[in-house]
K.L.:
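Can you keep this structure in mind? I'll have questions shortly.
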Number of protein chains: 2
Amino acid sequence: MITSLSIKQVEKISKALGDPYRLKIMKIVSNSESCVQCCDVSAEFNLAQSTMSHHIKQLIDADLLIADKDGRNLKFVVNKEVCTAYADYINSLVL
Amino acid sequence: MITSLSIKQVEKISKALGDPYRLKIMKIVSNSESCVQCCDVSAEFNLAQSTMSHHIKQLIDADLLIADKDGRNLKFVVNKEVCTAYADYINSLVL
DNA sequence: TTTAAATATCTAAATATTTCGATGTTTTTG
DNA sequence: CAAAAACATCGAAATATTTAGATATTTAAA
């Protein structure tokens, strides 16, 4: 199934990726075999818990991460479909 | 030649693309056959000239556009190499 | 050579984002 | 059931971005 993004979605995704912490979160989640949790990611940063929560929320809101509540944990994986669709959009700028 | 972007460059590019006007500028430049000038782009927007100048500067600074002074005009084209490298980075998040 | 056109730069206001601490909610554990 | 763990939300300060108007610069045209 091919996802096509609206311009608003492209903007939101770009904005979500325009931050060093959020880029690093994406890389951590991408590099991990299984699901990642907030507390796993938080351990890698020197940021307040509320700040981490905020960053992760932005990635989820932009559909870059797919999250799933598991008890008191929040587990997430990269949304491959959306990442691919975003890359496709960028590539479409190069004709 | 394959360009590989630093994480700082990826951040800067994402930030540059995280704005509706700048996304539209990229699309206009991408869709045009030949070089585009500031005044061509400006005509499509309802923004002050200084504001347009600022947006275009950000795209150039992020290396998304290649600019070339031509008399009193500034002509530019999409930087295909950087766009492709950016799309590759995004795709690398999907393993 | 004065004038106009295209763009850049500066300043400042308005708005948005980032960050933290405090506190709230939900779920697990003792 | 009380305490702790994981995360969310709120409020506020610090910082960054967006925008416009005024002005400067550079080049082309009259």
Side-chain angles (χ1 to χ4, degrees), chain A residues 7-29 32 34-79, chain B residues 7-29 32 34-79:
Chain A
I7 193 77
K8 264 290 156 204
Q9 285 177 288
V10 171
E11 183 194 338
K12 196 165 191 177
I13 291 168
S14 302
K15 216 169 264 177
L17 293 176
D19 174 276
Y21 294 115
R22 294 194 294 267
L23 278 177
K24 194 170 175 193
I25 294 170
M26 286 303 293
K27 189 166 254 176
I28 289 171
V29 178
S32 113
S34 53
C35 281
V36 178
Q37 305 177 142
C38 289
C39 49
D40 298 334
V41 175
S42 298
E44 307 264 354
F45 298 88
N46 211 3
L47 286 179
Q49 178 266 322
S50 57
T51 304
M52 280 303 304
S53 187
H54 170 252
H55 283 308
I56 290 170
K57 182 170 161 43
Q58 279 185 75
L59 292 171
I60 293 168
D61 285 351
D63 285 323
L64 284 164
L65 293 180
I66 298 174
D68 183 35
K69 248 312 192 193
D70 177 29
R72 63 188 167 184
N73 301 312
L74 186 73
K75 297 168 78 176
F76 36 81
V77 293
V78 169
N79 189 338
Chain B
I7 192 76
K8 265 290 157 206
Q9 284 177 289
V10 171
E11 183 194 337
K12 196 165 190 178
I13 291 168
S14 303
K15 216 169 265 175
L17 293 176
D19 174 275
Y21 295 114
R22 294 194 294 267
L23 278 177
K24 195 170 175 192
I25 293 169
M26 287 302 293
K27 189 165 254 176
I28 290 170
V29 179
S32 112
S34 53
C35 281
V36 178
Q37 304 176 141
C38 289
C39 51
D40 299 332
V41 175
S42 297
E44 308 262 356
F45 299 88
N46 211 3
L47 287 180
Q49 178 267 322
S50 57
T51 305
M52 279 303 303
S53 187
H54 169 251
H55 282 308
I56 290 170
K57 182 170 160 45
Q58 279 185 74
L59 292 170
I60 293 168
D61 285 351
D63 285 324
L64 284 163
L65 293 180
I66 299 173
D68 183 34
K69 247 321 192 190
D70 175 30
R72 61 187 168 185
N73 301 311
L74 186 72
K75 298 168 78 177
F76 35 80
V77 292
V78 169
N79 189 337

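Each chain gets a letter, A, B and so on, in the order the sequences are listed, and its residues count up from 1. The structure presented is a predicted model; accordingly, all values stated were derived computationally and were not measured.
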K.L.:
Using a 4.0 Å heavy-atom cut-off, does B/Lys15 contact any base of the nucleic acid, only the sugar-phosphate backbone, or nothing at all?
P.N.:
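Touches sugar-phosphate only.
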K.L.:
Find the distance B/Leu65:CG to C/dT7:C1' and express it as a whole number of Å.
P.N.:
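Interatomic distance, CG of B/Leu65 to C1' of C/dT7: 15 Å.
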K.L.:
With rounding to the nearest 0.5 angstrom, report the OG to NZ distance, B/Ser34 to B/Lys75.
P.N.:
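It comes to 7.5 Å.
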K.L.:
Compare the minimum distances between each of D/dC7, C/dT19, D/dT9 and the side chain of A/Asp19, then state the nucleotide with the smallest one.
P.N.:
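Within the option list, the nearest is C/dT19.
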K.L.:
Distance check, rounded to the nearest 0.5 Å: B/Phe76 atom CZ versus B/Asp40 atom CG?
P.N.:
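Answer for the CZ-CG pair, B/Phe76 versus B/Asp40, is 7.5 Å.
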K.L.:
Once you round it to whole Å, what is the distance between C1' of C/dT9 and CE of B/Met52?
P.N.:
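After rounding, the gap between these two atoms is 16 Å.
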K.L.:
Which heavy-atom pair separates B/Leu65 from B/Val78 by the least distance, and what is that distance?
P.N.:
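Shortest heavy-atom separation between B/Leu65 and B/Val78 comes out as CD2-CA, 4.0 Å.
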K.L.:
Measuring from the side chain of A/Gln58 (C-beta onward, heavy atoms only), which nucleotide among C/dT18, D/dT9, D/dA20 has the closest atom?
P.N.:
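Nearest to the side chain of A/Gln58 among the choices is C/dT18.
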K.L.:
In whole Å, I'd like the distance from the CG atom of A/Asn73 to the P atom of D/dA5.
P.N.:
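After rounding, the gap between these two atoms is 13 Å.
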K.L.:
Categorize A/His55 for me: base, sugar-phosphate, or nothing, with a 4.0 angstrom heavy-atom threshold over every strand shown.
P.N.:
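Touches sugar-phosphate only.
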K.L.:
Is any N or O donor-acceptor pair between the side chain of B/Gln49 and the base of C/dA8 shorter than 3.5 Å?
P.N.:
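Checked by distance alone, the answer is yes.
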K.L.:
Nearest 0.5 Å, what's the NE2-CE distance between A/His55 and A/Met52?
P.N.:
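Reported to 0.5 Å precision, the distance equals 7.0 Å.
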K.L.:
Should A/Thr51 be listed as having a side-chain N or O under 4.0 Å from OP1 or OP2 of C/dC20?
P.N.:
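Yes, within the criterion.
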K.L.:
Looking at B/Ser53, does any N or O in its side chain come under 4.0 Å of the phosphate oxygens OP1/OP2 on C/dT7?
P.N.:
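For C/dT7, neither OP1 nor OP2 has a side-chain N or O of B/Ser53 closer than 4.0 Å.
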K.L.:
Closest-nucleotide mapping onto DNA chain D: is B/Asp70 or A/Gln37 further toward the 5' terminus? I mean the 5' end.
P.N.:
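Comparing both residues, the 5'-ward one is A/Gln37.
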K.L.:
Any side-chain heavy-atom pair from B/Ile60 and B/Leu74 closer than 4.5 angstrom?
P.N.:
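The answer is yes; the side chains approach within 4.5 Å.
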K.L.:
Roughly, in whole Å, what's the span from NZ in A/Lys57 to C1' in C/dT17?
P.N.:
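Roughly 14 Å, once rounded to whole Å.
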K.L.:
Report which part of the nucleic acid B/Ile56 touches: base, sugar-phosphate, or nothing (heavy-atom distance under 4.0 Å, all strands).
P.N.:
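No contact.
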K.L.:
Pick the closest DNA chain C nucleotide for B/Ser42 and for A/Gly71 by heavy atoms, then say which residue is nearer the 5' end.
P.N.:
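Mapping each residue to its closest nucleotide by heavy atoms, the 5'-most match is B/Ser42.
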K.L.:
Let me know the distance between CG of A/Leu74 and P of C/dT25, rounded to the nearest Å.
P.N.:
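Taking CG of A/Leu74 and P of C/dT25, I get 19 Å after rounding.
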K.L.:
What nucleic acid atoms does B/Tyr21 come within less than 4.0 Å of, heavy atoms only: base, sugar-phosphate, or nothing?
P.N.:
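Answer is sugar-phosphate: B/Tyr21 comes under 4.0 Å of backbone atoms only.
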K.L.:
Please state how far atom CG in A/Leu23 lies from atom P in C/dT18, giving the value in whole angstrom units.
P.N.:
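Rounded to whole Å, this separation is 12 Å.
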K.L.:
What is the distance, to the nearest angstrom, from the CG atom on A/Leu47 to the C1' atom on D/dA6?
P.N.:
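Whole-Å distance recorded here is 17 Å.
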K.L.:
Name the closest nucleotide to the A/Arg72 side chain, picking from D/dT9, C/dT29, C/dT19.
P.N.:
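Selected nucleotide (nearest to the side chain): C/dT29.
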K.L.:
Whole Å only: how far is the CG atom of A/Leu17 from the P atom of C/dT18?
P.N.:
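Spelled out: CG on A/Leu17 to P on C/dT18 is 12 Å.
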